[in-house]
2 protein chains.
Amino acid sequence: MKKMKKRSDCPISCSLDIWGDKWSLLIIRDLMFSKKCRYTDLLKSAEGIATNILATRLQALEENKIIEKSDDPESKSKGYYKLTQKGIDLLPILIEIHLWSEKYFPIPEDIKTILIEVKKDKAGFINKAIEELAND
Amino acid sequence: MKKMKKRSDCPISCSLDIWGDKWSLLIIRDLMFSKKCRYTDLLKSAEGIATNILATRLQALEENKIIEKSDDPESKSKGYYKLTQKGIDLLPILIEIHLWSEKYFPIPEDIKTILIEVKKDKAGFINKAIEELAND
DNA sequence: CATCTTACTTGCATTTTGCAAGTAATATAT
DNA sequence: ATATATTACTTGCAAAATGCAAGTAAGATG
């Protein structure tokens, strides 16, 4: 897998070099909120990612230590992906994207309900969620 | 300009459909933090965007009401771009990307200094910055 | 032991990106 | 007044990334 060359020292630019494409944050979203962790689960997500794109994105995210692949102890044919701490720490970014979206687009009701909780105590929500994610 | 088709109702996905590429957030960063507002200023940014890519991204951001183009009253050959409220409201996302970057990469000292202020009172910093941006 | 599932890989067409050069409408200098 | 420069792009083309369909290999299931 060819690495994206670092374009500058800007923190936004460095971040985008890693996950600044149309698919990476959706994969991270699935691992974070849906607990989808197997390759086939990720393939089934609403947006319909192509299998070769999924494979290359997973590899890039793994190389950048955002996710890690583990073997399923029950079955040798199954593996699963999970977020590293570096990946879990993207949660505040995903939350802010949700809040921005809510302001400017119609969004699903179930997500709206969760965002009401977020807005009551953003820092508290994030800390709790990060802790839960770290305990998996 | 061909529109990115909406892939799903997910707020993350809808957001990425608009600004989820390697360049859009860098343009928004420049308009937000450097007050670079002319076409040639944006072209000169550290990452070296190609002129045709800049033109298509600006058009897409304008169509999506993230930025708007105005004429310079002093000069007919000069125009400038500025963020709309919708664009200004991306600030919390950019701030969280900065904070994530700071945790995982070496980042420039001047930005670190600003992030110290951000961490003292995140909500306060964001409110003040949004207000200032809206008054331009 | 045959079929199914999982996790991919490969090949190829289409789309997007990147680079270089070109252009048209002002603006500035001589 | 004319020549040069600047601004804000557009165009053409090569290279890279994406998307789609089909294939594959190892392990699980009936």
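In what follows, chains are A, B, ... by sequence order, proteins preceding strands, each numbered from 1.
The minimum heavy-atom distance between A:Thr84 and A:Lys65, with the atom names listed, is OG1-O, 2.5 Å.
Rounded to a whole Å, the CG atom of A:Leu54 is 17 Å from the P atom of D:dA21. One atom, NZ of A:Lys22, and another, P of C:dT15, lie 16 Å apart when rounded to the nearest Å. Here the P atom of nucleotide C:dT17 and the CG atom of A:Asp21 are 11 Å apart, to the nearest Å. Separating the CD1 atom of B:Ile27 from the P atom of C:dT17 is a distance of 11 Å, rounded to the nearest angstrom. Put simply, CD1 on B:Ile53 is 7 Å from C1' on C:dT16, counting in whole angstrom units. Per the geometry, NZ belonging to A:Lys5 stands 13 Å off P belonging to D:dA17, to the nearest Å. Spacing between atom CD of B:Glu47 and atom P of C:dC19 amounts to 13 Å, rounded to whole angstrom units. Note: CG (A:Leu42) to C1' (C:dT6) measures 13 Å, nearest angstrom.
In the set C:dA7, C:dG18, D:dT18, the nucleotide with an atom closest to the side chain of A:Arg38 is C:dA7.
A:Pro106 is linked by a side-chain contact (heavy atoms from CB on, under 4.5 Å) to nothing, counting only residues two or more places apart in sequence or in another chain. Applying the salt bridge (Lys or Arg N to Asp or Glu O under 4.0 Å) test to A:Asp21 and every residue at least two apart in sequence or in another chain returns A:Arg57. Residues satisfying the ring pair (Phe, Tyr, Trp, His ring centres under 6.0 Å) test with A:Phe105, not counting sequence neighbours, are A:Trp100. Residues satisfying the side chain to side chain donor-acceptor pair (under 3.5 Å) criterion with A:Ser101, sequence neighbours excluded, are B:Ser15. Qualifying side chain to side chain donor-acceptor pair (under 3.5 Å) partners for B:Lys78, counting only residues two or more places apart in sequence or in other chains: none.
Among residue pairs with one or both ends in residues 26-71 of chain A, those qualifying as ring pair (Phe, Tyr, Trp, His ring centres under 6.0 Å) are A:Phe33-A:His98; sequence neighbours excluded. Applying the salt bridge (Lys or Arg N to Asp or Glu O under 4.0 Å) definition to pairs two or more places apart or across chains, those involving residues 81-93 of chain A are A:Asp89-B:Lys103.
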Next on the checklist: I need a per-nucleotide contact map over nucleotides 9-14 of chain D, read 5' to 3'. Cutoff is protein heavy atoms under 4.0 Å; write B for the base, S for backbone only, - otherwise.
Outcome noted: BBBB--
Dump every N/O contact between nucleotides 27-30 of chain D and the protein below 3.5 Å, one line per pair.
residue, atom, partner, partner atom, Å
D:dA28, OP1, A:Lys76, N, 3.0

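Look at A:Trp23 and you'll find a side-chain N or O under 4.0 angstrom from OP1 or OP2 of D:dG19.
The closest side-chain heavy-atom distance from B:Ile67 to B:Leu31 is below 4.5 Å.
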